[in-house]
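Structure provided below as structure tokens; questions to follow.
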Protein chains: 2
Amino acid sequence: MADSKKYNVEVRVWIEEAEGAFLGIGKIWLLENIKKTGSITNAAKEMKMAYRQAWQLVEEMNQRAESPLVEKLLGGKGGGGARLTDAGERAITIFYEVEKRIKEFAQKETQNLKF
Amino acid sequence: MADSKKYNVEVRVWIEEAEGAFLGIGKIWLLENIKKTGSITNAAKEMKMAYRQAWQLVEEMNQRAESPLVEKLLGGKGGGGARLTDAGERAITIFYEVEKRIKEFAQKETQNLKF
DNA sequence: ATTCAGTATGTTTTAAAATGAATACTGATG
DNA sequence: CATCAGTATTCATTTTAAAACATACTGAAT
């Protein structure tokens, strides 16, 4: 006899640091888009997010990381831009690894929920 | 050489059903307070949440569960009240079990994060 | 020294969500 | 059959967060 409704577990993962939330999926998407587009402005457009907001997220990340995740280039040809540091690249990789392991575990451990 | 900053993983767990989010820690707290106080009104006060909001959460839960988690008593002595059904009691237990296992796994699997 | 596109920052608008207030309903009990 | 406290529901108000707007600032290139 099958249950009439299906339930499954969802999991949201993020990294905390002393001052609070440091890195979640939203900031990861932003990092990816900065990498892809070469600037905060274009990354923000891509994500349909206000530049101001994107810029603030970058500030937060950079200040809370041991070393900045995003390098910002001011002025010059093309007005400048932004690109990921090695730490930024690593952050993406690490985050997805951690997230994947936790989500897989969550699925595996929670079959046949009933409410 | 110790790292200058400590990072750790945080995890938010909730149960989804076809129509969307079904049961997270907020609704669990509400269930616990209904159990403790015997009414939605008093549970809401306890949590400093508007009665309206608490009532809506209860409705949502009851409709999305296979059988209601909260039994509401209308009128009568004391005006009525609300209490958990067996399904409601079980929901609390199951949720915390699932949450605990996932959080423990998350901690265990993520020592020494560096950013 | 002017241009140019992106960064940096403050201010204002808008939109969404939560709250609060108000009102009717319910039914056991005296 | 009036009372009473909690449920049920609508509507106006407040709070909050997000987005939009506006305006300097930067520095390589021409």
Side-chain angles (χ1 to χ4, degrees), chain A residues 12 14 19-65 67-85 87-88, chain B residues 12 14 19-65 67-85 87-88:
Chain A
R12 182 87 202 276
W14 72 95
E19 318 269 326
F22 161 59
L23 192 60
I25 189 65
K27 288 196 186 121
I28 291 293
W29 287 337
L30 180 54
L31 289 179
E32 292 177 315
N33 278 305
I34 288 171
K35 174 174 183 167
K36 180 177 155 200
T37 65
S39 77
I40 298 176
T41 296
N42 289 325
K45 277 177 191 157
E46 198 90 358
M47 302 173 72
K48 282 167 184 158
M49 143 186 304
Y51 166 80
R52 184 193 169 69
Q53 166 77 347
W55 177 85
Q56 282 173 339
L57 294 175
V58 169
E59 281 301 286
E60 224 180 85
M61 273 190 268
N62 278 352
Q63 278 166 23
R64 291 188 179 170
S67 61
L69 306 187
V70 176
E71 180 182 10
K72 291 177 284 182
L73 313 170
L74 214 70
K77 175 175 184 197
R83 62 166 165 243
L84 301 193
T85 62
Chain B
R12 183 87 203 275
W14 71 97
E19 317 270 325
F22 162 60
L23 192 61
I25 189 63
K27 289 199 186 121
I28 291 293
W29 286 337
L30 180 55
L31 289 178
E32 292 177 316
N33 278 306
I34 287 171
K35 175 176 183 167
K36 180 177 155 199
T37 65
S39 77
I40 298 176
T41 296
N42 289 325
K45 277 177 190 157
E46 198 90 359
M47 303 173 73
K48 280 164 184 159
M49 146 189 299
Y51 168 81
R52 180 193 167 70
Q53 167 77 345
W55 177 84
Q56 281 174 339
L57 293 175
V58 169
E59 281 300 287
E60 223 180 85
M61 273 189 271
N62 278 352
Q63 279 166 23
R64 292 188 179 170
S67 62
L69 306 186
V70 176
E71 180 184 7
K72 291 176 283 180
L73 314 169
L74 215 69
K77 175 176 183 198
R83 63 168 165 243
L84 301 193
T85 62

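It should be emphasised that the depicted structure is a prediction, and the values quoted were computed from it without experimental measurement. Letters go in sequence order (proteins before strands), and every chain restarts at 1.
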### Summary
Contacts of B:E32 meeting salt bridge (charged side-chain N to carboxylate O under 4.0 Å, His left out) (sequence neighbours excluded), chain-then-number -> none
### Query
B:R12: what forms a salt bridge (charged side-chain N to carboxylate O under 4.0 Å, His left out) with it, not counting sequence neighbours?
none
### Query
Are the side chains of B:L84 and B:L69 in touch, meaning some heavy atoms are under 4.5 Å apart?
no
### Task
Can you run down the salt bridge (Lys or Arg N to Asp or Glu O under 4.0 Å) pairs that involve residues 45-58 of chain B, sequence neighbours left out, and say none if there aren't any?
B:K36-B:E46
### Task
For B:K77, check salt bridge (charged side-chain N to carboxylate O under 4.0 Å, His left out) against everything at least two apart and list the hits.
none
### Task
Go along nucleotides 4-20 of chain D 5' to 3' and tag each nucleotide: B for a protein heavy atom under 4.0 Å from its base, S when only backbone or sugar atoms are that close, - otherwise.
-BBBBBBB--------B
#### Entry: Side chain proximity check, B:L30 to B:V58, heavy atoms < 4.5 angstrom
yes
### Summary
In short, the helix from C:dA1-D:dT30 to C:dG30-D:dC1 is bent end to end, axes from five pairs each side, to 10°, by 10°
### Message
Strictly distance-based, threshold 3.5 Å: is any side-chain N or O of A:R64 a donor or acceptor partner for the main-chain N or O of A:A21?
### Response
yes
